[in-house]
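Each residue takes its place number in the sequence, starting with 1.
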Amino acid sequence: MHWVLLLLAAWAAAGISCGRLCLAAAAAADGGHGPDAVHDRDDESRRVDDDRAHGPYGKPELSLYEAAFLAGGPHRVTTLTLVSMHRARRLLLAHTGWVTVVDPEGEDDLERSLIDAIGPGGQSPVAAARQAAASTEAVRALSDRLVVSGLAVPEAIRSGLAGAVRAVRAAAASTVALAAVALLVLPHEPGSRGTVAVWFALPLVLTLGCLVIARVEVHPYTRWASPAGRLRLRGLVDGRDGSGPPDGERAFLTDVAVNGVRALDDPALRSALDDRRRPSRHA
């Protein structure tokens with residue numbers, strides 16, 4: 001009956017991890033705010049809305065930076081900033097993986113933060129500049145504004161859900177491992193292996209079931225944009241937000257904001273923004 005101890009360990013891991021996932025999912029559904037904070041968020045959201053341009057249907061239009069954050073987080077924001085400044089010839093992106101500042105005067109906080117991240121020498125590997133710019137105060141302010149508006153998922157909720165899902169996966173794997181030990185290593189009475197397998201199947205079904213449900217119900221909250229944010233993104237792309245479909249340069253930058261490097265047709269530019277390549281000073 002030593003296998004019972006292993007079964008209890010499997011049940012403990014499954015129960016604790018699934019309970020943690022349920023609590024994290026409940027927090028995500030609540031938005032991570034208590035009743036008092038909801039009122040504060042509404043007041044702040046109204047104040048933010050008053051300070052921004054509104055579309056024909058009364059909703060504030062998403063800026064390109066906001067669309068980039070909702071689609072891909074801080075990394076996508078820096079991609080958009082780099083591409084936008086490169087096309088305006090205010091910095092140069094070399095296919096060798098280096099970025100060079102041409103105009104040191106940024107037009108907004110995010111551009112100025114990127115220039116500062118490149119460094120006083122005016123030149124830096126693209127990957128290093130991206131990483132530094134993604135953690136600047138300007139990007140954090142953008143994130144906070146979107147969270148307050150209910151369009152972005154708070155970092156605490158996103159990381160909490162991701163950790164809870166990992167814990168359930170680990171519990172499922174440990175259940176399989178414990179079952180293997182119980183069935184293949186420990187001694188058993190004749191004909192009892194089937195009973196042991198059935199008992200271990202129960203916590204395994206519990207954890208796998210939680211993962212399936214999480215894939216449907218929780219997965220949207222592990223992305224940068226909330227469900228409302230994703231609706232606004234789709235409205236920006238097809239013009240259903242009342243602003244009309246983007247065209248010209250804005251259409252190109254909107255494509256970059258939503259789809260990232262995949263939207264670029266220029267192989268040299270794609271190569272410059274490829275974080276996997278090692279930067280070289282040789283052309």
Side-chain contact test, heavy atoms from C-beta onward, threshold under 4.5 Å: evaluate it for L70 versus L62 and give yes or no.
yes
Does one hydrophobic cluster hold both M85 and V102, with members joined at side-chain heavy-atom distances below 4.5 Å?
no
Is there a donor-acceptor contact under 3.5 Å from the side chain of D108 to the main chain of E111?
yes
Does a side-chain heavy-atom distance below 4.5 Å link T100 with L91?
no
Could you report the tightest heavy-atom contact between R76 and V258, atom names first, then the distance?
NH1-O, 2.8 Å
Run the side chain to side chain contact (heavy atoms under 4.5 Å, CB included) check on Y65 and L80 step by step: do they pass?
CA-CA 7 Å; Y65 289 135; L80 174 67; 3.8 Å; yes
Linking I/L/V/M/F/W/Y whenever any side-chain heavy atoms sit under 4.5 Å apart, do W3 and V185 land together?
yes
Is there a side chain to side chain contact (heavy atoms under 4.5 Å, CB included) between R145 and E66? Walk through the geometry before answering.
CA-CA 9 Å; R145 185 165 67 247; E66 290 170 334; 3.5 Å; yes
Grouping I, L, V, M, F, W and Y whenever their side-chain heavy atoms are under 4.5 Å apart, do V198 and V181 come out in a common cluster?
no
Would a distance-only check, ignoring hydrogens and angles, find a side-chain to backbone donor-acceptor pair under 3.5 Å from R112 to G106?
yes
Does Q131 CD have over 12 foreign heavy atoms under 6.0 Å away?
no
Pair up each side-chain donor or acceptor in residues 170-178 with any protein partner under 3.5 Å, not counting sequence neighbours, and list the distances.
unit_1: S174; atom_1: OG; unit_2: A170; atom_2: O; d: 3.3
unit_1: S174; atom_1: OG; unit_2: A171; atom_2: O; d: 2.8
unit_1: T175; atom_1: OG1; unit_2: A171; atom_2: O; d: 2.8

Using 0.5 Å steps for rounding, measure from the CD atom of E137 to the OG atom of S113.
8.5 Å
Closest non-hydrogen contact found for S17 with V168 is O-CG2, 3.5 Å
Could you report the tightest heavy-atom contact between F200 and A182, atom names first, then the distance?
CE1-CB, 3.6 Å
Under the side chain to side chain contact (heavy atoms under 4.5 Å, CB included) rule, what do L208 and L204 come out as? Steps first, then yes or no, please.
CA-CA 6 Å; L208 294 179; L204 182 61; 3.9 Å; yes
Please check if the side chain of R130 supplies one atom and the backbone of L273 the other of a donor-acceptor pair under 3.5 Å.
yes
Does L206 belong to the same Ile/Leu/Val/Met/Phe/Trp/Tyr cluster as V4, with side-chain heavy atoms less than 4.5 Å apart forming each link?
yes
R223 to R158 - nearest heavy-atom pair and separation:
O-CD, 3.5 Å
Which pairs, with at least one residue in residues 11-22 and sequence neighbours excluded, count as a salt bridge (Lys or Arg N to Asp or Glu O under 4.0 Å)?
none
Side-chain donor or acceptor of S84 paired with backbone N/O of T81 under 3.5 Å
no
Nearest heavy atoms of D103 and I115, plus distance in Å:
O-CD1, 3.7 Å
Evaluate the ring planes of F69 and W224, with Trp represented by its six-membered ring, and classify them as parallel (under 30°), tilted (30 to 60°) or perpendicular (over 60°).
perpendicular
Between C18 and T207, is any pair of side-chain heavy atoms under 4.5 Å apart?
yes
Check for me, please, whether L6 and L202 land in the same ILVMFWY cluster - side-chain distances under 4.5 Å, paths through other members count.
yes
Under the side chain to side chain donor-acceptor pair (under 3.5 Å) test, which residues partner D266, sequence neighbours left out?
none
Kindly compute the distance separating CD (E249) from CG (L64), expressed to the nearest 0.5 Å.
9.5 Å
Test side chain to side chain contact (heavy atoms under 4.5 Å, CB included) on V99 and L92 and set out the steps.
CA-CA 6 Å; V99 56; L92 297 178; over 6 Å; no
Heavy atoms only: give me the nearest T78-A133 pair and the separation to one decimal.
CG2-CB, 3.8 Å
Inter-residue atom distance L161.CG - L21.CG, 0.5 Å rounding
7.0 Å
Rounded to the nearest 0.5 Å, how far does CG of D109 lie from CG of L114?
12.5 Å
Donor-acceptor pair, S226 side chain versus L151 backbone, under 3.5 Å?
yes
Check for a donor-acceptor pair, side chain of T254 on one end and backbone N or O of R250 on the other, with a separation under 3.5 Å.
yes
Under a 3.5 Å distance rule, please check whether H86 uses its side chain to pair with a backbone N or O of L93 as donor and acceptor.
yes
Sub-4.5 Å side-chain heavy-atom contact between V196 and L186:
no
Could you check whether R90 pairs with E105 (Lys NZ or Arg NE/NH1/NH2 to Asp/Glu carboxylate O, under 4.0 Å)?
no
First locate atom CZ of R140, then atom CG of L142, and finally report the distance between them rounded to the nearest 0.5 Å.
12.0 Å
Are there more than 12 heavy atoms of other residues, nucleotides or ligands under 6.0 Å from atom CH2 of W11?
yes
Side chain of T136, backbone of A132: donor and acceptor closer than 3.5 Å?
no
